[in-house]
Amino acid sequence: MNKPAILVTGATGNTGRPLIDALLAGGARVRALTRDPAAARLPPQVEVSGGDYATPGVLADAVRGTDAVFINIGALREHAGDLIAAARAAGVSKIVMLSSIAVRDVGDQVLSLGRQHQAVEDAVKAAGADWTILRCGGFAANTLTWAASVRADDVVRFPYGEAALALIAEQDVAAAAVRVLLDSGHAGQTYALTGSESLTQIQQAEAIGKAIGRPVRFEELSPGQFRQSAAEHFPAPVVEDLLKALAGYVGQTAYMTADLEKIIGRPAASYAQWAMQHADAYRR
């Protein structure tokens, strides 16, 4: 039996790297798409493709001969539509997209993140391939942005400490993606992937403290303070999306689903487990 050939975008990122490992373990042939192939440092059995995505032929070469494509629009950005068109032209039979629970199926999109992901979801569905959408909630890895301040003075500085989220570990996203890519029965499905526990951001900071053996306190930033501190790192629409979303999570139990466990057959990792695995990032 021929091994399926799968293109992974965002191959060197938080989700792409464990996904590649899982695909290799599952017997797939893997091609990785990255802007800097020379710096990818992927396993030797992975075929590395890429360069400047705007260069004619780069995306067509990446999809040629593949059976399935994993689309991470955070990595592709404005080139997501071009890759989908290339996949359609190449006759790719399966497309799996990493999307966001910010997308609303009914009514207008409230967040710019939802509008962006919905547009790509629509393109995926129109590509003529079997498609599956994995809409993810908050990524546990996003809290690595707190690492510098935790290392410096054991503080997390962020707005809306009482906002509750069900953060999902990148390994769990990869575990779901590999099953959807390799198994049948997922075509035409949209799954919402979340963690299995609702934790406020204050509780997340406490979990980091337990993982590193030092108390970590949460210092509340006002929205205005956060806009100032985040302006040099993130586009304004991203900052506003985050503030709007976090404000809506205050006083609420985080949105959670059982979709992850249905796909991979086990519960999601806890945030405490994730923090233990990444404790070195927060240690001095």
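- Connection of F70 to I168 is established within a shared hydrophobic cluster, with ILVMFWY side chains joined at heavy-atom distances below 4.5 Å, either directly or through further cluster members.
- For the pair R266 and D172, the salt-bridge criterion is met [side-chain N within less than 4.0 Å of a carboxylate O].
- With hydrophobic clusters built from ILVMFWY side chains whose heavy atoms lie under 4.5 angstrom apart, Y53 shares a cluster with I73.
- Checked against I71 for a side chain to side chain contact (heavy atoms under 4.5 Å, CB included), the options L83, L134, I133, L98 give a single hit: L83.
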Practice task
For the pair S198 and M256, evaluate side chain to side chain contact (heavy atoms under 4.5 Å, CB included) and give the outcome as yes or no after the intermediate values.
Solution key: CA-CA 8 Å; S198 176; M256 290 177 283; 4.1 Å; yes
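- Comment: D130 does not engage K94 in a salt bridge, judged by the lack of any side-chain N to carboxylate O separation of less than 4.0 angstrom.
- A salt bridge links R135 to D105: at least one charged side-chain nitrogen sits closer than 4.0 Å to a carboxylate oxygen.
- The pair D280-R284 does not count as a salt bridge, with every side-chain nitrogen at least 4.0 angstrom from each carboxylate oxygen.
- Put simply, L144 and M276 are part of two different groups of oily side chains (I, L, V, M, F, W, Y) that touch within less than 4.5 Å, one to the next.
- A salt bridge links E240 and R227; the closest N-O separation between the charged side-chain nitrogens and carboxylate oxygens is under 4.0 Å.
- In this structure, R17 pairs ionically with D21, as a charged nitrogen and a carboxylate oxygen lie closer than 4.0 Å.
- Annotation: ring pair (Phe, Tyr, Trp, His ring centres under 6.0 Å) contacts involving residues 112-152, sequence neighbours excluded, comprise W146-F158.
- Between R64 and D61, at least one side-chain nitrogen of the basic residue sits less than 4.0 Å from a carboxylate oxygen of the acidic one, meeting the salt-bridge criterion.
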Practice task
Could you walk me through whether E170 and H278 pass the side-chain hydrogen bond (donor to acceptor under 3.5 Å, both in side chains) test, one step at a time?
Solution key: CA-CA 12 Å; E170 59 271 24; H278 294 79; 2.9 Å; yes
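- Checked by atom type, the side-chain pair Y160/T200 shows no donor-acceptor distance below 3.5 Å.
- Placement of V238 and V110 in two distinct hydrophobic clusters is found when ILVMFWY residues are connected by side-chain heavy-atom separations under 4.5 Å, directly or transitively.
- A salt bridge is absent between K244 and D241; no separation between the charged side-chain nitrogens and carboxylate oxygens falls under 4.0 Å.
- Between Y191 and H186, the closest side-chain pair of non-hydrogen atoms falls below 4.5 Å.
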Handout entry: M97 vs V120, side chain to side chain contact (heavy atoms under 4.5 Å, CB included): CA-CA, chis, key distance, verdict
Key = CA-CA 9 Å; M97 176 189 168; V120 180; 3.7 Å; yes
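- Under the 4.5 Å side-chain heavy-atom criterion for grouping Ile, Leu, Val, Met, Phe, Trp and Tyr, L199 is not connected to L193 through any hydrophobic cluster.
- For the pair I202/E162, a side-chain contact is recorded, criterion being any heavy-atom separation below 4.5 Å from C-beta on.
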